[in-house]
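Numbered from 1 within each chain, the chains take letters A, B, ... in sequence-line order. Only a predicted model underlies this, so the values are computations on that prediction, with no experimental measurement involved. Values below: every heavy atom of this structure, side chains too, minus hydrogens, waters and symmetry copies.
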Number of protein chains: 2
Amino acid sequence: MSTHLHKQKTAALNALLTSSQRQLVRVISESGPLSRTEMANLLGLSKAAMSGIARDLIDLGVLHETETVYGQGRPSVRLDLHPECAFFVGISLLEDPAPMILSDLNGKIIARQSMPLSRDPHVIAEAITEGLPSLLQAHPDAKEKLSGIGVALSGFVDESQANCVQSTLLGWQDVPLAKIIRERSGVETFIENDAKAVAVSEKLFGSAREIQSFSVVSLGDGIGCAHFIDGKLYRGNHGGAGEIAHCTIEPGGSPCRCGKRGCLDTVSSMKAIKEMSRAEGLECTSLSDIEYEASTGNAAAIRILHRAGSALGLAIANLIQINDPGLILITHVEGSFDGLFGTVVNQAIETNVLPRYAGQTPIRIKRVDGDVWARGAASIAAHNFLIGPNSN
Amino acid sequence: MSTHLHKQKTAALNALLTSSQRQLVRVISESGPLSRTEMANLLGLSKAAMSGIARDLIDLGVLHETETVYGQGRPSVRLDLHPECAFFVGISLLEDPAPMILSDLNGKIIARQSMPLSRDPHVIAEAITEGLPSLLQAHPDAKEKLSGIGVALSGFVDESQANCVQSTLLGWQDVPLAKIIRERSGVETFIENDAKAVAVSEKLFGSAREIQSFSVVSLGDGIGCAHFIDGKLYRGNHGGAGEIAHCTIEPGGSPCRCGKRGCLDTVSSMKAIKEMSRAEGLECTSLSDIEYEASTGNAAAIRILHRAGSALGLAIANLIQINDPGLILITHVEGSFDGLFGTVVNQAIETNVLPRYAGQTPIRIKRVDGDVWARGAASIAAHNFLIGPNSN
DNA sequence: GACACTAAGTTCAGAAAATGAACAAATCAA
DNA sequence: TTGATTTGTTCATTTTCTGAACTTAGTGTC
C-alpha cells in the first residue's frame with residue numbers, strides 16, 4: 001500500500017515539479033554539483049528564490065548536499081542530483097538475447113540480465129514485464145522508485161519517442177511500441193534510435209556532459225550517428241538526422257542495400273570490411289584479425305583498411321564542415337581503433353577539413369563495452385525524467 | 001527633445017519588455033497574426049494573462065489589431081506586429097559600393113543608397129554614420145524608431161554578433177566592428193556572416209517563416225550555407241557551421257585556395273564555373289552565357305555544368321543525410337537555375353539521398369535580387385530587436 | 001426579429017512566484 | 001579577537017499568473 005503510493009508519487013515526480021525546479025534539475029545534470037549561489041546566477045534568479053527551490057527539491061529527495069567548498073567567506077555547499085532518487089530500465093533490441101539493465105540517475109548499472117528478442121511488440125512487452133521482478137529483486141529501493149523504461153532499437157523513431165516509424169531490422173512500420181510496453185508493464189516507457197540513445201547517454205552520463213553541440217559516431221556492425229545541438233538532441237525533420245551511413249562517399253561505388261551506390265555503409269562498416277576481406281580471400285572473423293594481417297604487411301588487408309578508414313574520415317570531415325560541432329565522439333565496440341583503421345580515419349579527417357579548422361574540433365575515441373545500447377536505452381528514460389518531453 | 005526621448009525609449013524597447021512579452025513577440029514573428037486566445041494557448045498562459053500582455057504591447061505600439069475572423073461565437077481579432085514600430089538599417093560589405101538599405105519590421109525596403117567600401121573598420125563606421133541622415137531623410141518615422149544596424153560580411157563572426165573573428169576578403173582578424181560602428185553612430189549594431197544573414201532573413205521575412213529546421217544554400221560568387229535548427233540559427237562551435245564550400249567533394253581534385261583539394265568551391269561556385277569555361281576556350285562572362293552554349297550543344301559547356309551541378313547536388317544530398325532539414329532553400333543571384341545546372345543539381349540530390357527520403361525534403365529554389373545581402377543584414381538587426389541576443 | 005448558443009476577450013480578487021533588503025552563519029586574514 | 005567576506009535564510013513586498021464570473025459580438029433557428 002505504502003509502496004504503491006510511493007510508486008505513484010515518484011512516477012509523477014517529474015510532472016509535479018515547477019518549471020523553475022525543472023530548469024534547475026536540467027542545469028545540474030549538465031554542469032554537475034553547484035552551490036545555491038551558482039545556481040541562482042545560472043538561472044538568473046535571486047538567492048531568495050533559489051533558497052526555496054533548493055529546499056523543496058531536497059525535501060522531495062531529488063537533490064542532496066555534497067561537498068563543502070572553502071574559499072573566502074562562508075563556505076559554499078554543492079548540491080547534486082541524488083543518484084538514487086530514480087531508477088531506470090534500459091533494453092537493447094539490437095542483439096538476441098536482448099540485454100536488460102537497471103541503472104540509477106548517474107547511469108551506474110546496478111543489475112543486468114537478458115531476455116529473448118522477438119519481432120512481435122506484444123511478446124517484447126510481455127518479456128519485459130516478466131523480466132522486471134527479477135531485475136529489481138535485490139533492489140527494493142529501485143522497485144519503489146522505478147521511473148521509466150527506455151528501449152533502443154535500430155530504426156526511425158518519431159518525435160514523441162513513442163512510435164517506431166520504421167525498422168528494417170525488426171520488420172516494423174508504425175509500431176506504437178512505447179504505448180504497448182507502458183500498458184503491459186505499467187511503467188512510463190520511451191523508445192529511441194540506437195545511435196541517438198548513445199548520444200543522449202554520453203550527454204547525460206558520459207564524456208560530453210558539458211558540451212552543448214557535438215556529434216556521436218557509433219561504430220558497431222553498422223555506422224550510426226547522432227547530433228546534440230545547443231544542448232538538445234536534434235532528431236531532424238523526419239527523425240533522420242545523423243544517417244551518415246548512407247552518405248554517398250564513393251560516387252558510383254558498390255551498390256548498397258538502400259538502393260543507391262557508394263554509401264559509407266558499403267565501405268566502412270564492420271560488415272563491409274569483413275565482406276571485402278572474405279572477397280580477397282582473407283580468413284578473418286573480426287577487425288582485429290584484419291588489423292593483424294595488415295600489421296604483418298598483407299597488401300589486401302592494408303588496402304581494405306585504408307579504403308574503409310578514408311571513407312569514414314571523409315564522412316566525418318564533411319560532418320565537421322557542415323555542422324562545426326564542439327566534439328566528435330567515436331564509440332567503437334570492437335576495440336580496435338588503435339590500429340591502421342583508426343590512424344587512417346584520423347588522417348582522413350585532418351586532410352579533408354578546412355585547414356583553419358584542423359585540430360580545432362576535438363575527436364575523442366571511446367571504447368565501449370557490450371552495455372552501450374542498453375545503457376543508452378536507460379538514458380532515454382532518464383532524460384525524459386530529468387528534462388521532460390516538452391524540453392522547451 | 002521629444003524626439004530624443006522617443007529615440008531612447010524605442011532603442012531600449014526590446015530591453016524593457018518582460019519575458020512573456022518577448023516570447024509573444026517571437027511567437028507572432030514565427031506564426032504570423034494570431035488571436036489573443038490562440039496566443040494564450042501557444043504560450044500556455046491563461047486568457048486573463050494574455051489580455052494584459054496584449055494590451056501593454058498594443059499601448060507600446062509593438063502590436064496592432066488586424067483582420068477579424070468570423071466563426072461560431074464572438075469573432076476573434078488577429079494581432080500582428082506593427083510593421084512600423086521599428087526600423088532597421090542593413091549594409092552589405094560584399095560589394096563595392098556597399099549597398100545600404102532601410103527596412104521596416106516586415107523586411108520591406110523603404111529606402112536604398114550606397115556607400116564606398118573600405119577595409120578600415122573606422123572608415124566604414126564613418127561612412128555609415130554619414131550615410132544615415134540621407135537614408136532616413138524622407139522618413140521621419142524611421143528616424144525616431146531606428147532600432148538597429150545590421151552588417152553582412154564574408155567571414156567568421158563570433159556568437160555575440162559583434163566581432164569579426166576572421167575575414168579573408170576584408171583582411172581582418174578579430175575586429176570588433178559592431179562596437180566601432182555602435183560607438184560612432186550611436187545606434188545598436190550587429191554583424192553577421194553573409195550566408196547566416198540570408199538564413200535569418202528567410203526565417204523572419206521570407207519563405208521559411210514557419211519552418212523550424214532548414215538550411216539555406218546561397219549561390220553568389222561563392223557558395224554559402226547556414227542552418228536553422230529548432231527555430232534557432234545554429235552557428236557551430238567556432239561559428240563555422242554551414243561551410244560546405246570547403247567540403248571535399250572530388251577527393252584528390254583541383255587545389256583550392258583554402259589549402260586542400262577538391263573542395264566544392266573549386267567546381268561549383270560561379271567563379272569556378274567561369275574559370276573552367278575560360279580554360280576550355282569558351283567566351284563567357286556569365287552563367288547564362290554558359291547555359292546558352294550548353295543549350296546549343298557545346299560539349300565543353302555541358303561537361304562543365306554537369307560537373308558543377310553534380311558536385312553541388314552531392315554536397316546538398318550529404319547535408320540532407322547528415323541533418324535531415326525540413327527544407328533546403330537555394331537562393332541564387334544570377335537567375336539561371338532553370339537551365340542545365342539547376343536540373344543536374346536537382347537530379348544529383350535525388351540520386352544521392354537515401355531513396356526512402358527522396359522527395360521528402362522540399363528543395364525550394366529562390367531567385368533573389370541584388371538586395372539579398374543588405375536585406376539579410378537588416379534582418380540581423382531585426383532579429384536582435386525581436387528575439388534578443390539571449391534567445392533562450 | 002427574438003431567442004438561445006457559442007466562443008472571444010475583459011475584469012478582478014486571490015494565489016503563486018520572484019525580488020530586495022536585512023540578517024544569520026561560517027569561514028579566512030590579520 | 002576582530003573585521004572582512006561570502007553563503008545562505010527570512011520576510012514583507014511586488015510582480016505575474018490564474019480561475020471564475022462577466023461582457024461582447026457574432027451565428028443559427030424558428
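- Both Ala48(B) and Leu45(A) sit near DNA chain C, but only Ala48(B) has its closest nucleotide nearer the 5' end.
- Note on Ser20(A): a side-chain N or O is less than 4.0 Å away from OP1 or OP2 of dA18(C).
- Taking side-chain N and O atoms only, Arg55(B) has no distance below 4.0 Å to OP1 or OP2 of dG9(C).
- Looking only at side-chain heavy atoms (C-beta outward), Pro83(A) and Lys108(A) stay at 4.5 Å or farther from each other.
- Looking at Glu202(A) and Ser207(A), their side chains do bring a donor and an acceptor atom within 3.5 Å of each other.
- Atom CZ of Arg36(B) is separated from atom C1' of dT10(C) by 9 Å (rounded to the nearest Å).
- Note that the NZ atom of Lys203(B) and the OG atom of Ser201(B) stand 12.5 Å from one another [nearest 0.5 Å].
- What separates CE of Met39(B) from C1' of dT10(C) is a distance of 14 Å, to the nearest Å.
- Here the C1' atom of nucleotide dA17(C) and the CG atom of Leu17(A) are 15 Å apart, to the nearest Å.
- Note that the CD1 atom of Ile191(A) and the CD1 atom of Ile180(A) stand 9.5 Å from one another [nearest 0.5 Å].
- Between the CE atom of Met50(B) and the P atom of dG19(D) there is a distance of 16 Å, rounded to whole Å.
- Distance CG (Leu43(A)) to C1' (dG8(D)): 16 Å, rounded to an integer number of Å.
- One atom, CG of Leu63(A), and another, P of dG8(D), lie 13 Å apart when rounded to the nearest Å.
- Residue Ser46(A) places at least one side-chain N or O under 4.0 Å from the OP1 or OP2 atom of dT19(C).
- Distance, Ile53(A) CD1 to dA16(C) P: 15 Å, rounded to whole Å.
- Between Asp56(A) atom CG and dT9(D) atom C1' there is a gap of 14 Å when expressed in whole angstrom units.
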Quick one: which protein N/O atoms are closer than 3.5 Å to N/O atoms of nucleotides 23-30 of chain C? Pair and distance per line, please.
unit_1, atom_1, unit_2, atom_2, d
dA26(C), N3, Arg74(A), N, 3.3

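- In this model, the phosphate group of dA7(C) is not approached by any side-chain N or O of Ser76(B) to a distance below 4.0 Å at OP1 or OP2.
- Judged by distance alone, the side chain of Arg182(A) and the main-chain N or O of Thr189(A) form a donor-acceptor pair under 3.5 Å.
- For dG9(C), one of the phosphate oxygens OP1 or OP2 lies less than 4.0 angstrom from a side-chain nitrogen or oxygen of Thr37(B).
- Using cut-offs of 30° and 60° on the angle between ring planes, the pair Phe228(A) and Phe214(A) is parallel.
- Annotation: the span from Ser20(A) atom OG to Ile53(A) atom CD1 amounts to 4.5 Å, rounded to 0.5 Å.
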